[in-house]
Amino acid sequence: MLQTRASDKTIGFVPTMGALHLGHLSLIEQAKQSSDEIVCSIFVNPSQFNDPKDLEKYPRPIEADMKMLEAAKCDVLFNPAVNEIYDDNEQWHLNIGELEHLLEGKFRPGHYQGVTQVVYKLFNIVKPDVAFFGQKDYQQFLIISKMVELLNIPVKLVMCPIMRETDGLAMSSRNIHLTAADRQHSLILSKTLNWVKDNFDKNNISWLKKEAKLMISREPGVELEYFEIADGDTLHPANKNTKNIVALVAAKVGKTRLIDNILVNG
């Protein structure tokens, strides 16, 4: 990074856990619009997994990922080993506030401590001017924004739109675990989110949420964890006075946990 720094070029950073898909490549494309050099990291971060089995089965197709990055004309790949990032018995805790414990945080306790720990380290190593994250991990973006604010990190964060398959399913590295039947059942998530947006009425938020939960719960093979129509800044439940509203969902489809969201307004 020193040569880039010396030449005053701007560094755009796309942190990933690999198993790259078109959603990741869209982040790189957006980074190329505003940065001179693009750095992509691939690091399956153990500290953000609650379930050791989930960590173990997380896909790691590094050769395919490297080919995709070359084709996308990414300038630098940072692919460290775990012992390059973490010391033994390393401790970390950042007081992110209640945002850490809502929605995803409620179902994955400790997850966002692991996320902030690794992203802080990556920011310190890469020293990007701008970092690009996907909207699919909406709560993660809010958490990282809070970390940047708390620790005064000199980086601009950009949230990029969700990339979807032609049938509406949000692109995710976890989608490879879906069976053919699961794949069909999973479409209820995006269909429900779109239904909420299309029928949104700020005076009927509680009814919309109730109907959305029913729609998902009726779908075979789908176990709903949460569906929330929330304030896009705080993730508290939205009300008729909320300006920036997002609908968020998490569910297990077969054995695979999926998340998705849609910006309702704002």
Item to check | Verdict with reasoning, Leu94 to Tyr120, per side-chain contact (heavy atoms from CB on, under 4.5 Å) | outcome: CA-CA 11 Å; Leu94 182 67; Tyr120 178 66; over 6 Å; no
Checklist entry - Step by step, would you call Ile259 with Tyr138 a side-chain contact (heavy atoms from CB on, under 4.5 Å)? => result CA-CA 10 Å; Ile259 61 172; Tyr138 188 92; over 6 Å; no
So does [X] have more than 12 non-hydrogen atoms from other groups sitting under 6.0 Å from [atom1]?
X: Met215; atom1: CE; result: yes
X: Lys202; atom1: NZ; result: no
X: Glu56; atom1: CD; result: no

Looking at [X] and [Y], would you say the former's side chain and the latter's main chain have a donor-acceptor pair under 3.5 Å?
X: Tyr112; Y: Gln139; result: no
X: Ser35; Y: Ile38; result: no
X: Lys121; Y: Ile85; result: yes
X: Thr192; Y: Ile216; result: no
X: Gln113; Y: Gly110; result: no
X: Asn261; Y: Ala247; result: no
X: Asn175; Y: Ala170; result: yes
X: Asn50; Y: Pro109; result: yes
X: Asp75; Y: Val39; result: no
X: Asp231; Y: His236; result: no

Mind listing the closest non-hydrogen atom pair of [X] and [Y] along with its distance?
X: Asp129; Y: Ile11; result: OD2-N, 2.7 Å
X: Pro15; Y: Leu122; result: CB-CD1, 4.3 Å
X: Arg174; Y: Thr256; result: O-CG2, 3.5 Å
X: Asn265; Y: Lys243; result: OD1-O, 2.9 Å
X: Ser173; Y: Gly18; result: OG-O, 3.3 Å
X: Gln30; Y: Pro161; result: OE1-CD, 4.1 Å

Is the ring pair [X]/[Y] parallel, tilted or perpendicular, if the boundaries are 30 and 60 degrees?
X: Phe43; Y: Tyr86; value: tilted
X: Phe133; Y: Phe141; value: perpendicular
X: Phe49; Y: Tyr58; value: perpendicular

Measuring from atom [atom1] of [X] to atom [atom2] of [Y], what distance do you get when rounded to the nearest 0.5 angstrom?
X: Leu169; Y: Gln184; atom1: CG; atom2: CD; value: 10.0 Å
X: Ile176; Y: His21; atom1: CD1; atom2: NE2; value: 10.5 Å
X: Phe132; Y: Ser34; atom1: CZ; atom2: OG; value: 3.5 Å
X: Lys146; Y: Leu99; atom1: NZ; atom2: CG; value: 8.5 Å
X: Ile245; Y: Ile205; atom1: CD1; atom2: CD1; value: 4.5 Å
X: Glu165; Y: Ser172; atom1: CD; atom2: OG; value: 10.0 Å

Following the transitive rule for hydrophobic clusters with a side-chain heavy-atom cut-off under 4.5 Å over Ile, Leu, Val, Met, Phe, Trp and Tyr, establish whether [X] and [Y] coincide in one cluster.
X: Leu103; Y: Ile96; answer: yes
X: Met17; Y: Leu55; answer: yes
X: Val253; Y: Ile162; answer: no
X: Val82; Y: Ile42; answer: no
X: Ile125; Y: Ile144; answer: yes

Please tell me if the side chains of [X] and [Y] come closer than 4.5 Å, counting only heavy atoms from C-beta onward.
X: Leu224; Y: Lys213; answer: yes
X: Leu102; Y: Glu228; answer: no
X: Asn199; Y: Asn204; answer: no
X: Val155; Y: Phe13; answer: no
X: Glu29; Y: Cys160; answer: no
X: Leu178; Y: Leu258; answer: yes
X: Leu235; Y: Leu248; answer: yes
X: Trp195; Y: Glu211; answer: yes

Item to check | side-chain contact (heavy atoms from CB on, under 4.5 Å) between Val119 and Ile143, worked out | outcome: CA-CA 11 Å; Val119 173; Ile143 295 271; over 6 Å; no
Cationic N near anionic O, under 4.0 Å, [X] to [Y]:
X: Asp167; Y: Arg183; value: yes
X: Glu219; Y: Lys191; value: no
X: Glu70; Y: Lys67; value: no
X: Lys57; Y: Asp51; value: no
X: Arg257; Y: Glu104; value: yes

Item to check | Stepwise side-chain contact (heavy atoms from CB on, under 4.5 Å) test for Leu151 and Phe123 | outcome: CA-CA 11 Å; Leu151 302 179; Phe123 281 173; over 6 Å; no
Item to check | Donor-acceptor pair between Gln140 and His111 side chains, under 3.5 angstrom | outcome: no
